[in-house]
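What you see is a predicted model; the values in this text were computed from it and never measured. Order of the sequence lines sets the chain letters (A, B, ...), proteins ahead of strands, with each chain counted from 1.
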2 protein chains.
Amino acid sequence: MNAPALLTSTEENYLKAVFALAQPRIGTNALADRVQTKASSATDMIQRLAEKGLVEYERYRGVGLTPSGRVAAAAVIRRHRLWEVFLAEKLGFGWHEVHDLAEELEHVQSPELIRRLDAFLDTPSYDPHGDPIPRADGTWPTAAGIRLDQVPVGQSFAVAGAADRTDELLDYLHRVGMVPGTEWTLSEIVPFDGTRTVQTRSGRTLDLSALAARHVLVQPHESQTPNA
Amino acid sequence: MNAPALLTSTEENYLKAVFALAQPRIGTNALADRVQTKASSATDMIQRLAEKGLVEYERYRGVGLTPSGRVAAAAVIRRHRLWEVFLAEKLGFGWHEVHDLAEELEHVQSPELIRRLDAFLDTPSYDPHGDPIPRADGTWPTAAGIRLDQVPVGQSFAVAGAADRTDELLDYLHRVGMVPGTEWTLSEIVPFDGTRTVQTRSGRTLDLSALAARHVLVQPHESQTPNA
DNA sequence: CTTTATTTTTAGATTTGTCTAAATTTGAAT
DNA sequence: ATTCAAATTTAGACAAATCTAAAAATAAAG
């Protein structure tokens, strides 16, 4: 329960992999695959992380995260996803290009840097892929609903919120009338680029890019078959 | 003359140190001091860099950079100083805080990242300390004059240009009338914070912060003693 | 309940970058 | 020209992270 010792980049990468794959435990081979190494190397590394109290490990039984391992993993993921937002929103990289770069940037050790980066980006809750960004305290944003890009065609829903607080997004959603509380139905998903067409009960339609759809949180309704 | 092989962070740090200290050669001890290591380690590293053709090394005689070493060093320094500009201008770090962080960020390997970062920052020519940023092609910005913060009290000068192209700086200089071709005399340097007071021949005075003074390039006049 | 196949772990070696301590070389002083 | 001190290099060891190849444990199949 003392201050979290500094981890090497390699240790951080293993932690992330365990976090991603352990439900609740993951084997050495799968882990080695994930971090691009061999099973024997993974065993070595895991034993070190176990000594540091970050994973719980039993020989031949796989690994899982301890509570403090979960906190450490969230910190790394937070750094990773904030850098992804920076790369996409500020430098104009495509959402598919940002992962590898963030993989390097995430290991720069400085709480103050991350605090300021977070503020500079307007404290986003989701990265360019739509994945949640852990908060500074290690908690995860629980979607006030599900993301619009995960809603099936035909589903009706109410807008619950926006995935981040940038003026650009909020202005845009306000301008097109997609504000919390409003009711819509998803009528089409364009296969080519994932554009969503939604419409109000009064018949007004609106096209939203896949990116925009990832940033809109909605509360789906019971079902489109009105019974009861 | 083939593509420059990827260097490790450590190799890059040694290269920077040789660049900074070799005029034209530097000894093992001084180099070791600079990179926070021991002379024996420096010897090892230098021999590796010599094999890669980046430094010219003769036993017991010290090291200097080869032409391709100079190019590689410029690339590292370019990355370092661009990150410094980012940290200071975008994240609001003080100019004294940016060095150590840039030291880590500079080793992220991606030409495209640096290209985009450079554009995002409006292609600055000087970092927050006033040091020149090598261009993408490895050439160095030769000051159209000297920086105003290096002018002694009493000196007259003509404004030659601005150290970078950000709208903020250019707008500001335009607004206060400090545009290329105008004539001024430096009448005071405030010891506390380095603020410069300058005045026109007609007597108008203007206070410039130390930061602003670092970003103004001037052409000093012969002398303040009017003879001939 | 054996046998076999898969997964996991150990053992020993390698690379990068470092260290201490001992051996060399250089250059300066007498 | 010797001697001496400072700078530099070698030698040998170590820690982190990895690998290959061999050994051990588990799980699956008959």
Side-chain angles (χ1 to χ4, degrees), chain A residues 4-18 21-65 69 72-73 76 103-104 106-109, chain B residues 4-18 21-65 69 72-73 76 103-104 106-109:
Chain A
L6 280 218
L7 301 175
T8 66
S9 296
T10 313
E11 288 174 324
E12 290 189 339
N13 286 334
Y14 273 96
L15 262 192
K16 266 197 310 175
V18 176
L21 302 175
Q23 297 146 13
R25 300 178 92 89
I26 173 67
T28 313
N29 266 327
L31 184 56
D33 265 25
R34 176 80 168 212
V35 300
Q36 307 258 59
T37 180
K38 296 299 163 68
S40 56
S41 305
T43 301
D44 283 355
M45 194 67 218
I46 280 159
Q47 291 176 341
R48 290 187 21 182
L49 290 175
E51 273 172 30
K52 295 193 179 190
L54 296 167
V55 300
E56 49 188 17
Y57 168 62
E58 214 177 331
R59 277 150 82 261
Y60 294 100
R61 285 272 133 75
V63 269
L65 289 175
V76 182
E103 202 72 20
E104 290 195 65
E106 75 188 8
H107 299 298
V108 174
Q109 300 280 3
Chain B
L6 280 217
L7 301 175
T8 66
S9 297
T10 313
E11 289 173 325
E12 290 189 338
N13 286 335
Y14 273 96
L15 261 192
K16 266 198 310 174
V18 176
L21 303 174
Q23 296 144 17
R25 296 175 149 261
I26 173 69
T28 313
N29 266 327
L31 184 56
D33 264 23
R34 177 80 170 212
V35 300
Q36 307 259 59
T37 180
K38 293 302 162 68
S40 57
S41 305
T43 301
D44 284 354
M45 196 67 217
I46 280 160
Q47 291 175 342
R48 289 186 23 179
L49 290 176
E51 272 171 31
K52 295 192 179 191
L54 296 166
V55 300
E56 48 188 18
Y57 168 62
E58 214 176 333
R59 277 151 80 259
Y60 293 100
R61 284 272 133 75
V63 270
L65 289 175
V76 182
E103 202 72 20
E104 290 195 64
E106 74 188 7
H107 299 299
V108 174
Q109 301 280 4

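Looking only at side-chain heavy atoms (C-beta outward), Leu54(A) and Leu7(A) come within less than 4.5 Å of each other.
On the nucleic acid side, DNA chain D has its first and last nucleotide under 4.0 Å of a heavy atom of chain A at dA16(D) to dA27(D), going 5' to 3'. Between chain A and DNA chain C, the heavy-atom contact criterion of under 4.0 Å yields a 5' to 3' nucleotide range of dT7(C) to dT10(C).
Here the closest non-hydrogen pair linking Ala42(A) and Ala32(A) is CB-CB, 4.1 Å.
For DNA chain D, the residues of residues 9-16 of chain A within the heavy-atom distance limit of 4.0 Å (strictly under) are Thr10(A), Tyr14(A), sorted by number. Of the residues in residues 40-50 of chain B, Ser40(B), Ser41(B), Asp44(B), Arg48(B) come within less than 4.0 Å of DNA chain C through at least one heavy atom, sorted by number. Residues from residues 26-35 of chain B lying near DNA chain D, meaning a heavy-atom separation below 4.0 Å, are Gly27(B), Thr28(B), Asn29(B) in numerical order.
Listed by first and then second residue, the salt bridge (charged side-chain N to carboxylate O under 4.0 Å, His left out) pairs involving residues 56-65 of chain B amount to none (not counting sequence neighbours). For residues 25-41 of chain A, the side chain to side chain donor-acceptor pair (under 3.5 Å) pairs, not counting sequence neighbours, are Thr37(A)-Ser41(A).
Where Tyr60(A) and Lys38(A) each meet DNA chain D at their nearest nucleotide, the meeting point lying more 5' is that of Lys38(A). Toward the 5' end of DNA chain D, the nearer of the two residues Arg59(A) and Gln36(A), judged by each one's closest nucleotide, is Gln36(A).
Between the CG atom of Leu65(B) and the CG atom of Leu21(B) there is a distance of 10.0 Å, given to the nearest 0.5 Å. How far CE of Met45(B) is from CG of Asn13(B): 9.5 Å, rounded to the nearest 0.5 Å. To the nearest 0.5 Å, the span separating CG on Leu15(B) from CD1 on Ile46(B) amounts to 10.5 Å. To the nearest 0.5 Å, atoms CG (Leu31(A)) and OG1 (Thr43(A)) are separated by 9.0 Å.
Applying the side chain to side chain contact (heavy atoms under 4.5 Å, CB included) test to Ala50(B) and every residue at least two apart in sequence or in another chain returns Val55(B), Tyr57(B). With sequence neighbours left out, Glu103(A) forms a side chain to side chain donor-acceptor pair (under 3.5 Å) with Lys16(A), His99(A). Listed by chain and number, the residues in a side chain to side chain donor-acceptor pair (under 3.5 Å) with Glu12(B) are Arg79(B), His107(B), Gln109(B) (sequence neighbours excluded). Contacts of Arg48(B) classified as side chain to side chain donor-acceptor pair (under 3.5 Å), with partners at least two apart in sequence or in another chain: Glu11(B).
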